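Down below is the structure, laid out as structure tokens.
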Amino acid sequence: MRGGVLGERWYIIGDLCAREVRETHGPREEGASEEVTGPTPVNDQAPSVLQSRARLLEMASVFSELSDGTLRALARRMRPVSLAAGETLRLGAQGGDLVIFLATGSCEGAILDGAGKVVLTRRPKPGDLLILPAPRGSDRFVTSIHGLSDATLLTLDRDGLMEALGSDVEAVSIGLDKLWEQELAAADAAQAQEAWRAAAPIAAFFSAKGGSGATTLAINTGAALADKYPRQVLLLDLSEPFGHAALLADLIATGSIAGASKAPLADFTKNLRGAIVNHRSGLGVLPATLRPEELDLLNAELTTRALDVVAPGQRVIVADLGTSLGEASLVVIERAQCLIIVVPPEIAAMTDARRALAVFRDIMGVPASRIEVVLNQRSPHTPLDKAAIESVLGRQIAVTVGFDGSKPEEATLSGSLAIQRDPSSYIARGANDIARLIGAHVKLKL
């Protein structure tokens with residue numbers, strides 16, 4: 001279906017099919033639209049053009065694992081579509097083009113509900129994938145793309161995907177469906193948070209030694225909190241240099257705090273909120289970075305700005321700091337109402353945890369009442385018992401999480417969280433205990 005209203009410069013596009021859609025500014029009959037199918041540019045298949053498009057595809061998480069040959073085959077099937085400033089493309093669940101990238105210019109993507117109300121907006125950067133409804137997805141929402149300046153979109157239709165992907169088509173289709181499901185969850189989250197504008201308190205997870213299980217506990221604790229407050233609990237992944245929260249939650253990360261900072265200042269809020277991906281448990285996940293080279297962008301000022309943006313509408317923010325004591329983590333620790341120190345019963349981990357506690361107490365001035373120690377039994381037999389650990393740390397252990405073997409990893413491989421897959425597991429019980437501990441600190445009813 002194609003139509004246009006001259007006054008509002010609004011188009012409803014059922015199938016782009018790589019045609020250029022333009023609007024003339026001269027008089028024309030009401031309800032008419034002008035469709036221009038321009039000739040393919042002479043250099044549309046030039047090696048340099050195909051290489052840049054293949055690189056664009058490679059940077060998108062859904063296509064990042066494809067071979068170079070498959071990426072080039074997809075690049076050959078991408079077609080440009082012009083979007084003039086002021087024009088709007090509105091795409092429903094039956095849109096012909098399955099994948100659209102912003103190549104040049106600027107635009108704003110929006111998700112609208114059945115009544116036409118905008119529930120979620122974001123402003124992509126050139127090279128970003130614009131997420132569209134899956135063909136068999138929900139018809140509760142439609143996507144619109146509004147040109148803020150003259151822009152060029154690159155489209156891939158379903159036939160092109162099928163022809164180029166071959167045996168990879170199923171994996172990519174699952175990824176695209178997952179992205180749209182995350183968009184639907186983001187729209188639901190925006191609606192749930194609209195009525196609650198109080199700034200959320202912060203509960204931070206820290207471990208002085210890698211491999212302590214802090215991320216696993218942070219994710220499952222966040223899910224336990226989200227069970228009571230769905231779409232109002234946010235997990236902030238500040239683990240450096242590689243954050244794994246989205247991966248362990250079987251989510252596809254589409255943006256980050258560092259990535260949002262690259263956009264113009266006026267677009268920061270929309271892009272930051274658009275970087276939050278939502279798990280079916282009701283937990284939102286916001287990565288700080290997606291690539292190691294983004295670490296330099298993640299400073300104290302940016303982290304403070306990000307917290308100020310995402311805190312309203314959430315009941316609690318759970319921050320996974322990993323082992324980092326960089327600027328971003330220090331800002332979170334200073335603002336946290338509850339600091340969870342995760343320690344495994346290992347000699348080296350005890351030594352490092354004791355040093356970290358001294359930093360928090362003597363240098364940062366974190367009140368002892370805000371700090372809780374969680375013992376995570378990462379192996380079936382440990383050389384240190386609870387009393388010995390408390391003696392070394394000079395702190396009582398608030399929660400002990402029993403050894404759960406490979407259950408956390410098995411849950412991840414099955415596409416779920418341990419707290420969902422096996423509510424009676426030690427990880428699940430420990431996450432619920434930590435959630436109650438956090439609730440007592442930040443005054444949440446659980």
Side-chain angles (χ1 to χ4, degrees), residues 201-229 233 235 239 245 248 281 283 315-323 332-333 336-346 349-350 352-354 356-357 360-361 366-405 407-408 411 417-446:
I202 299 173
F205 282 69
F206 173 82
S207 173
K209 184 177 181 296
S212 67
T215 297
T216 298
L217 288 175
I219 294 171
N220 283 276
T221 299
L225 291 164
D227 184 59
K228 177 66 175 178
Y229 299 102
V233 178
L235 176 66
S239 185
L248 296 180
S281 65
L283 174 68
R315 296 284 180 162
V316 62
I317 294 175
V318 177
D320 176 22
L321 308 180
T323 61
V332 172
I333 290 170
Q337 283 83 348
C338 181
L339 177 58
I340 305 292
I341 311 296
V342 180
V343 293
E346 302 166 7
M350 293 299 105
D352 294 343
R354 183 174 60 184
L357 285 167
F360 300 147
R361 180 188 65 240
V366 179
S369 59
R370 293 187 184 180
I371 299 175
E372 301 287 357
V373 177
V374 171
L375 175 62
N376 190 20
Q377 301 276 9
R378 295 285 291 165
S379 57
H381 306 291
T382 59
L384 300 173
D385 59 18
K386 180 179 177 181
I389 294 169
E390 290 178 334
S391 176
V392 170
L393 297 180
R395 299 272 314 188
Q396 288 190 335
I397 292 172
V399 175
T400 299
V401 182
F403 174 65
D404 236 348
K407 286 186 178 181
L417 301 178
I419 197 170
Q420 297 173 309
R421 192 167 190 259
D422 186 359
S424 64
S425 65
Y426 287 123
I427 288 289
R429 283 184 278 176
N432 281 306
D433 288 342
I434 299 171
R436 285 188 286 270
L437 190 66
I438 291 172
H441 277 270
V442 303
K443 297 179 173 57
L444 280 180
K445 293 182 180 179
L446 296 172

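These numbers come from the heavy atoms of this one structure, side chains and all, not from hydrogens, waters or symmetry mates. Treat the numbers as computed from the prediction; the structure is a model and nothing was measured.
For Gln396 against Val373, the heavy-atom pair with the smallest separation is O-CB, 3.9 Å. A pairwise comparison of heavy atoms in Ala398 and Leu437 identifies CB-CD2, 3.9 Å as the closest pair. Scanning all heavy atoms of the two residues, the minimum distance from Ala418 to Ala428 falls at O-CB, 4.4 Å. Contact record, Phe403 with Pro380: CZ-CD, 3.6 Å, taken as the closest heavy-atom pair.
Looking only at atom types and distance, the side chain of Ser212 has no donor-acceptor partner in the side chain of Asn376 under 3.5 Å away.
You'll find the side chain of Leu375 reaches within 4.5 Å of the side chain of Ile389, heavy atoms only. Ile438 has its side chain out of reach of Leu444: every pair of non-hydrogen atoms, C-beta onward, lies at least 4.5 Å apart. For the pair Lys407/Arg421, no side-chain contact is recorded, criterion being any heavy-atom separation below 4.5 Å from C-beta on. Looking only at side-chain heavy atoms (C-beta outward), Val233 and Leu235 stay at 4.5 Å or farther from each other. For the pair Val374 and Ile341, the minimum side-chain heavy-atom distance is 4.5 Å or more. Between Gln377 and Pro344 the shortest side-chain heavy-atom distance does not fall below 4.5 Å. At least one side-chain heavy atom of Lys209 sits under 4.5 Å from a side-chain heavy atom of Glu346.
Taken to the nearest 0.5 Å, the CG atom of Asp404 stands 10.5 Å off from the OG1 atom of Thr216.
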side-chain contact (heavy atoms from CB on, under 4.5 Å) between Phe205 and Thr221: does it pass, once the steps are laid out? CA-CA 10 Å; Phe205 282 69; Thr221 299; 3.8 Å; yes

Assess whether side-chain contact (heavy atoms from CB on, under 4.5 Å) is satisfied between Val343 and Met350, documenting all intermediate values. CA-CA 7 Å; Val343 293; Met350 293 299 105; 3.7 Å; yes

Show the numbers, then the answer: is there a side-chain contact (heavy atoms from CB on, under 4.5 Å) between Phe206 and Asp320? CA-CA 7 Å; Phe206 173 82; Asp320 176 22; over 6 Å; no

Stepwise side-chain contact (heavy atoms from CB on, under 4.5 Å) check, Arg370 with Leu339: CA-CA 6 Å; Arg370 293 187 184 180; Leu339 177 58; 5.5 Å; no

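Arg378 places a side-chain N or O within 3.5 Å of a backbone atom of Gly211 that can act as its donor or acceptor partner.
Taking the charged nitrogens against the carboxylate oxygens, Glu390 and Arg395 have no contact shorter than 4.0 Å, which rules out a salt bridge.
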